[in-house]
2 protein chains.
Amino acid sequence: MPAPAAPDAAAVPLARLAALFADGTRAAFLLALLDGRAWTLGELARQAGVAPSTASEHVDLLVAGGLLAQERQGRHRYLRLAGAHTAQLVEDLAGYGGPPVARPATLRASAAAAALARGRTCYDHLAGRLGVALTDAMIERGLLQRDTGFALTPDGVRWFAESLDVGDELSGGSRRPVARPCLDWTERRHHLAGAGGAVLCDRLLARRWVERIGTGRAVRPTPDGVRALRELLGVDVSGGPGAVA
Amino acid sequence: MPAPAAPDAAAVPLARLAALFADGTRAAFLLALLDGRAWTLGELARQAGVAPSTASEHVDLLVAGGLLAQERQGRHRYLRLAGAHTAQLVEDLAGYGGPPVARPATLRASAAAAALARGRTCYDHLAGRLGVALTDAMIERGLLQRDTGFALTPDGVRWFAESLDVGDELSGGSRRPVARPCLDWTERRHHLAGAGGAVLCDRLLARRWVERIGTGRAVRPTPDGVRALRELLGVDVSGGPGAVA
DNA sequence: AGGACTGTTCGGTCCGGGCCGAACGGTGCC
DNA sequence: GGCACCGTTCGGCCCGGACCGAACAGTCCT
């Protein structure tokens, strides 16, 4: 009946897990990776402002701790969050503001989350159901190939040029891959990232086929956009009943 | 458009928060406090196996970090989690097992959570809807007073003696307070703790008016218990439709 | 008043770990 | 093959912080 003398055995694992977050550099890595992209080690190091050697050690810890998944491609080491569960935990910690202050109206919060699930930007491209729908449509129409990592087909390059007035941005001038898959936390599916994904997002925003909601990452297709995308890709991005205010 | 050179400003606060969890002793404190009781500093120190001076410093950090709330009473320093939001975060971290392995059947998990919300032991007394219902009933019938901190009325002492065969366990022989409020995370309301809460839980279990479900903290009233508690306190603890397997 | 007990402060020790630079190995490109 | 680039390993530095014991302050009980 008195206090159990055995210190809770779960304490050590908890502390070990928390220690992975308890460093500014690692926290910066995790927050950066929250966008769902796979970053290279060098990108992470630059983002956090540390030497590559330092970043390498941090990444080792995060991978060993199960928070990050890695994929080596040639001389690059791509890192991404280990899964949606991990992203959730990062967001929980990052979003913790302390309990005493009035909680931000649960209704508003869940509405905001739903908006993000429908459509949002992920770094510089489109994600959420909108991003996945566009990617699926491009694959279906032979504009995009889904081997290991996405690849734009010749038809795809032509489509970008003719339908979206894209010039030489996709001719490989930059070092950045033209098409790369990006895993979506809400959809748990891949969508188009890379230079192609970025230029797609850029053009859709420029033509006001997609517009930002408020100041955050959430976006939604406009009526014009719904029409145009149905024409161009045969896809319905209206989001179903009740999706647009 | 390239990587933003500014390291995410949220990284430092995140790391600072995580650092509070990133120590075995502090983690043990937080896990112990997860039961919703307010512990004294000495209890926490003994539980975690550290010197009081060490515990004092840890508690300072946790309070300053907003994870713990404190209340000084005489020579005691009572500590409890700062709120339900905090408890949620502790549980999220403690329950993180890594995403790659198959999630433990969400159905089972939510069923277990529901069982805990209905009724459970909280250290040595009853919590959940069951604990709150019993406490409310005792207050309504004048057995318990709710000033600052609970107090057992003379009627309450008599009720314990006559209805539950409680002898001198409540006559202040021990140093422990007879009645103390304990905040419930699922209900966000107070229920009876202290020696009175402990003896109540003890008797109800002994008479098999309440029984444990499996090996954890979850409990449920038995059919006998539902009958007896309706008679003794005029309270319905059947838990509504579908509450009992 | 005295004694028992709870918690705090302070000094001192010690270990872990975050950081860098230098050297090295692997990969891809010309 | 040569060269640029990406990442890793290793040694070394240094700071933060976890811990204890001793001394002290405050509270409660007798």
Side-chain angles (χ1 to χ4, degrees), chain A residues 2-3 7 11-12 14-30 38-65 68 70-80 149 172-177, chain B residues 3 7 11-12 14-30 38-65 68-80 149 171-178:
Chain A
V12 174
L14 199 172
R16 216 186 292 276
L17 172 65
L20 293 175
F21 292 86
D23 173 84
T25 300
R26 285 195 296 269
F29 287 3
L30 292 167
W39 293 51
T40 66
L41 187 138
E43 285 172 338
L44 288 175
R46 245 172 295 125
Q47 165 80 10
V50 295
S53 59
T54 302
S56 179
E57 290 170 0
H58 282 306
V59 164
D60 285 346
L61 290 175
L62 291 171
V63 170
L68 259 49
Q70 60 180 334
E71 202 170 329
R72 293 175 192 267
Q73 275 176 23
R75 57 184 170 184
H76 293 282
R77 184 184 187 182
Y78 285 101
L79 286 312
R80 55 183 174 81
S174 148
R175 193 169 289 126
R176 187 174 186 200
Chain B
V12 174
L14 199 173
R16 215 184 294 276
L17 173 64
L20 294 174
F21 293 86
D23 173 83
T25 300
R26 286 194 297 267
F29 287 2
L30 292 167
W39 293 51
T40 66
L41 187 138
E43 286 171 337
L44 288 175
R46 247 172 293 127
Q47 164 81 8
V50 295
S53 58
T54 303
S56 179
E57 290 170 359
H58 282 306
V59 163
D60 284 346
L61 290 175
L62 291 171
V63 169
L68 259 47
Q70 60 179 334
E71 199 169 330
R72 292 176 191 266
Q73 275 175 23
R75 58 183 170 185
H76 292 282
R77 184 184 188 183
Y78 287 102
L79 287 311
R80 55 182 174 82
S171 33
S174 148
R175 192 167 292 126
R176 188 173 185 203
V178 171

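Any value given below was found using the heavy atoms of this structure, including those in side chains, with hydrogens, waters and symmetry copies removed. The structure presented is a predicted model; accordingly, all values stated were derived computationally and were not measured. Residue numbers begin at 1 in each chain, while the letters A, B, ... track the order of the sequences.
In terms of the side chain to side chain contact (heavy atoms under 4.5 Å, CB included) criterion, residue partners of A:Ala22 (sequence neighbours excluded) are, by chain and number, B:Ala18, B:Ala19, B:Ala22. B:Thr25 pairs by the side chain to side chain contact (heavy atoms under 4.5 Å, CB included) definition with B:Asp23, B:Phe29, B:Ala48, B:Val50, B:His58, not counting sequence neighbours. With sequence neighbours excluded, the residues forming a side-chain hydrogen bond (donor to acceptor under 3.5 Å, both in side chains) with B:Gln70 are B:Arg77, listed by chain and number. Residues passing the side chain to side chain contact (heavy atoms under 4.5 Å, CB included) test with A:Thr40 are A:Glu43, A:His76, A:Tyr78, sequence neighbours excluded.
Here the shortest heavy-atom pairing between B:Leu41 and B:Ala55 reads CD2-CB, 4.1 Å. Between A:Ala15 and B:Gly24, the closest heavy-atom pair is CB-N, 3.6 Å. Scanning all heavy atoms of the two residues, the minimum distance from B:Ala45 to B:Pro52 falls at CB-CA, 4.1 Å.
Protein atom CG of A:Asp60 is 14 Å distant from nucleotide atom C1' of C:dG17, rounded to whole Å. At whole-Å resolution of the value, CD in B:Glu43 and C1' in C:dG7 are 13 Å apart. Atom pair A:Arg46:CZ and D:dC5:C1' shows a separation of 11 Å (rounding to whole Å applied). Distance CZ (B:Phe29) to P (D:dC19): 8 Å, rounded to an integer number of Å. The nearest whole Å value for the distance from the CG atom in A:Leu44 to the P atom in D:dC6 is 14 Å. As rounded to whole Å, 14 Å separates atom C1' of D:dG17 from atom CZ of B:Arg16. As a whole-Å value, the separation of A:Asp23 CG from D:dG17 C1' is 14 Å. Atom-to-atom, CG of B:Leu79 to C1' of C:dT6 comes out at 13 Å; the value is rounded to the nearest Å.
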Take B:Leu61 and B:Glu57, measure what side chain to side chain contact (heavy atoms under 4.5 Å, CB included) needs, and give me the verdict at the end. CA-CA 7 Å; B:Leu61 290 175; B:Glu57 290 170 359; 6.0 Å; no
List the steps and the verdict of side chain to side chain contact (heavy atoms under 4.5 Å, CB included) for A:Leu79 and A:Val63. CA-CA 9 Å; A:Leu79 286 312; A:Val63 170; 4.1 Å; yes
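Between its two ends, the helix from C:dA1-D:dT30 to C:dC30-D:dG1 turns its axis by 30°, counting five pairs per end and rounding to 10 degrees.
When each of A:Ala22 and B:Leu41 is assigned the nucleotide of DNA chain C bearing its nearest heavy atom, the one mapping closer to the 5' terminus is B:Leu41.
Between C:dC19 and A:His58, a contact under 4.0 Å exists linking OP1 or OP2 to a side-chain N or O. Between A:His76 and the phosphate of C:dT27, there is no side-chain N or O to OP1/OP2 separation shorter than 4.0 Å. A:Arg72 has a side-chain polar atom (N or O) that falls below the 4.0 Å cut-off from OP1 or OP2 of D:dT8.
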Scan nucleotides 21-30 of chain D nucleotide by nucleotide, 5' to 3', and note B when protein non-hydrogen atoms come under 4.0 Å of the base, S if they reach only the sugar-phosphate, - if neither. BB---BBS--
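When distances run from any side-chain atom of B:Pro52 to the nucleotides D:dT8, C:dT8, D:dA18, the shortest one goes to C:dT8.
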